[in-house]
Every structure is written in structure tokens, then in C-alpha cells.
There are 4 protein chains.
Amino acid sequence: MELCTTEGYGKVTIEAIAARSGVSKKTIYRWWPAKGAVVLEAMVEMVGEVTQFPDTGDIVTDLRNQMIAVVDYFMTGPRAAVYAGIIAETQHDEALARNLLEQLLEPRIRAAQERLRRARDQGQFAPDADLEMAVDLLYGPIYYRLLLHLGAYSHKQIGALIDLVIGSLGPVRPAGPPPVQ
Amino acid sequence: MELCTTEGYGKVTIEAIAARSGVSKKTIYRWWPAKGAVVLEAMVEMVGEVTQFPDTGDIVTDLRNQMIAVVDYFMTGPRAAVYAGIIAETQHDEALARNLLEQLLEPRIRAAQERLRRARDQGQFAPDADLEMAVDLLYGPIYYRLLLHLGAYSHKQIGALIDLVIGSLGPVRPAGPPPVQ
Amino acid sequence: MELCTTEGYGKVTIEAIAARSGVSKKTIYRWWPAKGAVVLEAMVEMVGEVTQFPDTGDIVTDLRNQMIAVVDYFMTGPRAAVYAGIIAETQHDEALARNLLEQLLEPRIRAAQERLRRARDQGQFAPDADLEMAVDLLYGPIYYRLLLHLGAYSHKQIGALIDLVIGSLGPVRPAGPPPVQ
Amino acid sequence: MELCTTEGYGKVTIEAIAARSGVSKKTIYRWWPAKGAVVLEAMVEMVGEVTQFPDTGDIVTDLRNQMIAVVDYFMTGPRAAVYAGIIAETQHDEALARNLLEQLLEPRIRAAQERLRRARDQGQFAPDADLEMAVDLLYGPIYYRLLLHLGAYSHKQIGALIDLVIGSLGPVRPAGPPPVQ
DNA sequence: TCTTAACCGAGACGGTACGTCCTGTCTTCGG
DNA sequence: CCGAAGACAGGACGTACCGTCTCGGTTAAGA
């Protein structure tokens, strides 16, 4: 990670990692298949339990928390370029793509979907709201803006984004037990 | 482009382009700064006037046409990997990033924004609808799904996406002159 | 050496050596700084102990042996062009020049000087004979004829050369202990 | 010549000559076959009538004059490296070798031989003195020392060289008509 | 306590591609 | 119509990493 941030992701090569860490290339290859995997693992390790957001009862607050955590962690500051670099590498490294999905992205997608599902089950959204697409609407724009170099959203914009997405899911009603008919 | 599709973007090197085209490496370097620029230019040339969608009067139809054209052209079939490869390359090539934006992405962003603005001016959306974010909501998910290997949207899903986004922009009313107060 | 003699020294490039020997260019650069150094080392290795002429007691015979060995080895046949090529390369490669001197030329110059000195000490030449210049007179013409494309000396001409040079060093007397006065 | 002396012979390329002289490469190739020929011609032009030594009657003086002129002009100062560079180039350019001989070297060889022949005809040397080899003995050492990086002779050493060579040609007698038998 | 096998650092190796340089030929276009 | 300007194919240069592969040296576990 130090190499990534001081030299830029492009300068991170297996040889540089070996030199920087006082480890032989052989040893690196023993444990990871390629550069991307090393960096991915380092990143996963650093993330830890970030964004395992609790359920405060307020769906908007909870989404805000998660989205802001994701954007702050992955899409701003020096880590942004590193993360973008890893995603770039997945374009010609299928195994890395799989690992990235499994270890970083899918947990967060699942968490968001589950939180939305709970809200829907409590009657806050229309019962047929497409939650999968809702998550695409939340994550899509922020990844798109990262990878296409359009600038990350501010916290305020994230709020607006969430409002838009939630607005599209049907009339928001206060949380409560499923309506009895 | 032939090299891209027959060998895969990873095998496209300056040397391969030179060999395939019967041209010296020097000549390639004379005209393009790097591999990505060559492929980008080829792609831009192929796209041509794709997605300069006309205004049919129906905002939903027009958006559908554009979005489907974009997804069909850039995000399915053999071109998908090529396009993803270029975007990957922009992560460590600032000039390429700039060119990609200017030549491919921004024209389409602008076209979509202008179409939405016309619709808003005709009273089809709330007057304070955030059109910039609306475009992010349209393009974001499809780029996100391309680059994170989540699978491209079907035409049907694109329709649903557009409905969601338009729904979030306020009560849709039939096109007409701005309401007189 | 095979490349040198089959293709000519001009066709000997680092790339050709690498291809011919099944070795990567990197490996060559790891061990030698430039093409000339590779060829020089090969040549030195081939020469081995050539021209470490013994002292037969007869100065003329000894010089003949050495000079003929040098001319036969370095200045006739396919090796002539190779050797000339290396010397040519020393004109723009100072390190190579140094190595050529140290490894090939100076040992032979020294050997000749020492043999002449022994003869002088035994009273065969005038005590103030300039032995350094004598060696220049021996080697100079044969290098000059090689490098200026004037044709190598025949064995007979070498004999004449040696006679001339020895004749210039003073009255030749039979070897013996320094004259007692 | 300016390029040769300011940048070193190695930096003299056809492209550099073209750039420096404000002439197109094509034009250079129209008139000269290769770099060496350009430089050779420039050098020949500069030499002019140098070393067309007159016959003073004293063979030693005349040889001294010629040899010193040659050494001073070709083998010391900035021209030495240029001249050595041209000779180096003749090792892989046969035509250049021929031109160098014809235009630079042979005229001087011939001049020396003729002067020696006149001296011999006047009875200054033994009638069977090998004049061709005598010239080799004069020029050989100075070219050898130039091309093998052994350092040029001083004027004093040149005098000694000439004395040695002349000494080897037989008993020197004052010039006079051929002895009547 | 001694042996032995696993693991390590170091880095050489065969490769592939890079981006640069120069060659000698060819083409364009202005004076 | 000549020549400057310079594009072009070709090919070697020297460099950077890749991923594989020995080497010894060191631990640490089992005998």
C-alpha cells in the first residue's frame, strides 16, 4: 500500500514489491498469483469491517452511512487511484475479477440489498420494487464517476442520489409492520 | 480492431499492430502516443454517428433508443472487452482519459442532458429536476456492470432503468408548452 | 565466433548473438557491456597460450616464431576481419580499448620486449638500443597493413622485417655473457 | 568537421549532418554513399597540399618533414579521433577503404617511396634496400599507435624512428651520382 | 540433540514488449 | 525542376518486468 500511494499504482510491480519488502519474487509468487491479488488482499485487509452498517431503523440514514463510507474509503484520496487500478487490472485477469467481486464488492451489494429488503418488507416501498436495480442505481454512478474520471460525489450529492433512488422505489411510508389487509 | 477482436485486447501491442498493419513502430509512435490512443481512435472512427438520436417528442422512446444503442454498441459482443480495456488503460494514462471523455463519452452525456432539458422545459419534469445526476443514473449502472463484470443489461432492463430514472424526476406530464401560471 | 565467421563481423549484433545462442539479450547485457566485449572475450579465450614463445637462445628464431604466430592467428583467414572489427570498435568504446590492450596486445608486447631485453643483456645489441621502439617497428607494420587493407605479410616478409629491425638495433653478436672489460 | 570535433565522431550521423547543414538527407545520399565518404571528403579537402614535401637533398630532413606533417595533422589533436573513426569505418565499408587509400594514404606512401628511391639511386642506401618495407616501417608504427591507443610519437621519437629506419637501409653515404663501377 | 525437510533471500534466466535511434528510400510541395 | 522537409519500413538498440528456476542458508519439527 505504501508503494501504491507513494509511487502510483503504475509503478507497483512484483519486482518493486519484492525490493520494497525485502522478500524474493519467488516468495510472492508462492502466495499470490499476480500483482493485483497482492494489492487486493492488502486492500481487503485494510477495509476490515468498514461499512457493515447497523440498522438504525431509518433506511435513508442507513444508506447514507453506507454510501458515504464506501465513497470516502474507496473513491477519494490516494486509495481511489489504487482501487481504480485494481479494477482496471480485472479487465485482463479473470481470477482477480472474481476475487474482487467476492471479497470487496458483493458483500457490500448484499448488505445494501438486505437493508432495502427489510425496508420493503416493512412496507416502506412498493412490494414489487426492483431492489437489485436499486443497488445498481446507488453504486453504478459512483463507480462510473470514479472509472471515467468524472470526479467523486460530495456527501451532499450522495444524499441527493439516495433520495432519488428511494423516491423511485415507490411511496415511502414510515417503517411499520406489513399493512394488514 | 481486427487484432482486438481476434486476439483479445491483451494481445494488442504496438509491435503486433505494426506487424499486422505492415507499418513500422516508429510510424505508429509518430501519430499516437500509446496503444490506447490507437484503439480509441479506431473505435471513435467506427462509432461514427451512432447515438445522435433524433427528438421524436417522446422522451422515453428517445432515451431508450440512445441507451440501447450505447449498450449494444459498447457493452456487448467483442467490443465490450475492447472498450473495457481502453477504460482500464485510462487509469494510468491521463491523456487517454481526457481523449476518451472528449471523444466518446461527453458527446453522449451532452446529448442525453440536452434531450432531458428539452423535456423539462416542456413541463414534463419538475423544473428543479437534477438532470446531471439523472444522466449519471442512466449511464452509471451500465458502465458499472461492464467494468465490475456484473453482466450487461438486457433491453428490458434498460427500459426498466429508464422508467425508474424518469420516475425520479418528478410527475411526468405530456409534452407541452411551459405551463402558464 | 561462429556468427563472426559465417555472417561477417557486421552482422554480429547483440540480437543475433542472443538468437544464435538461445540466450536472452538481458543475460548478455548482464555479463558484457557491449558487443565488442563479447567478441573480445571469445577471441581471448580462443587464443589461449598462443605466442608464449620459449627462449631458444636464438633471438631471430624466437622473434620469427612469435611474429608468425601473431600474423597467422590474428591477421589471416576469417579471424582477420573479426580482429579488425574489434579494433575498429575500440575507436568509439574506451572500455573496450582498454580491455583489448590489457588482454590481447600488452601481453604480447611485453613478451617481445623481454625477449629483446634478454638479448641485449647478453650483448647481442647495443646497450642503448631502444627496445620499445623496436617492438613498435615489429608490430606496427603488421597492424598497419591489416587496418589499412594493404595485405598481410608473408612469412618471408616477416623474416625480412625482423632482420631489418634487428639490424637497426646495433651489431648483432652471438649470445654470450656480457663482455668483460 | 565541426560536428566531428564538437560532438565526437560517434555522434556524426547522416541525420546530424543534414540537420547541421540545413540540407536534406536525400541530398546527402545523392552525392555520397555513406557517412564515412562525407567525412573523408571533408578531410581530404582540408589536407590540401600538406605533405607534398620538396626535395631538400637531405633525405633525413625530408622524411622528418613529411612524417612530422603527417603525425601533426592526422594523429594529434581533435582530428586524430576523426581519422581513427574513418579508418574504423573502412573495416565494414570496402568502398570507403578504397577511397581512403587512394585519396589519403597512397599519395603519401608514393611520395615517401619516391624520395627514398631517389636517395638510393644517388647511392645513399644499399642498392637492394627494400624501400616498400621501409615505408611500412615509417608509417606502420604511427598508425599502429594511433589505432591501438598507444599514444602518438613526439617529434623527437619520430626523429629516432627515421634514424632507425634509415640505418636499416644500409650505410648512409652523402648524396652523389650513382657510383661508377 | 541431531537430522531433515520446508521455506526463504537472492537473483540469474528465457522471454516479450517497450520506446528510441538511425539507415536508406520515397513522396510532397514551394521557390 | 530541384531540393528542403520529412514520412516511411526496417531493424538494432538497451531497458523493464514477467514468471520460472536454481542456489545456499536458516529454521523448526520429528527422530
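The chains referred to below are lettered A, B, ... by the order of the sequence lines, with proteins before strands, and numbering in each begins at 1.
- Less than 6.0 angstrom separates the ring centroid of Tyr83(C) from the ring centroid of Phe74(C).
- Atom P of nucleotide dG19(F) and atom CH2 of Trp32(A) are separated by 15 Å, given to the nearest angstrom.
- In this structure, CD of Glu7(B) is placed 14 Å from P of dT16(E), rounded to the nearest angstrom.
- Comparing dG24(E), dA7(F), dG14(E) by their nearest atom to the side chain of Arg30(B) picks out dA7(F).
- The OH-P distance, from Tyr29(B) to dA17(E), rounds to 12 Å in whole Å.
- Counting only distance, with no hydrogens or angles, the side chain of Thr27(A) and the backbone of Val23(A) share no donor-acceptor pair below 3.5 Å.
- For Lys35(A) and dA16(F), the NZ to P distance is 16 Å, given to the nearest whole Å.
- Looking at heavy-atom distances under 4.0 Å, Trp31(D) makes no contact with the nucleic acid at all.
- Out of dA9(F), dT22(F), dC13(E), the shortest distance to the side chain of Lys26(A) is found at dT22(F).
- By the 4.5 Å heavy-atom criterion applied to side chains, His149(A) and Glu94(B) are not counted as neighbours.
- The interatomic distance linking His92(C) (NE2) with dC13(F) (C1') rounds to 13 Å, in whole Å.
- Between the CD atom of Glu89(D) and the C1' atom of dT23(E) there is a distance of 12 Å, rounded to whole Å.
- At dG14(E), one or more side-chain N or O atoms of Thr27(C) fall inside 4.0 Å of OP1 or OP2 (strictly under the cut-off).
- If you check residues 11-25 of chain D against DNA chain E, the residues with a heavy atom closer than 4.0 Å are Thr13(D), Ile14(D), Glu15(D), Lys25(D), listed by number.
- In terms of the side-chain contact (heavy atoms from CB on, under 4.5 Å) criterion, residue partners of Ala88(C) (sequence neighbours excluded) are, by chain and number, Ala88(D), Gln91(D).
- When the P atom of dT23(E) is taken as reference, atom CG of Asp93(D) falls 13 Å away, rounded to whole Å.
- Looking only at side-chain heavy atoms (C-beta outward), Tyr143(C) and Met75(C) come within less than 4.5 Å of each other.
- Taking the side chain as every heavy atom from C-beta outward, Asp93(C) and Arg98(C) never approach each other to under 4.5 Å.
- Trp32(A) places none of its side-chain heavy atoms less than 4.5 Å from the side chain of Leu40(A).
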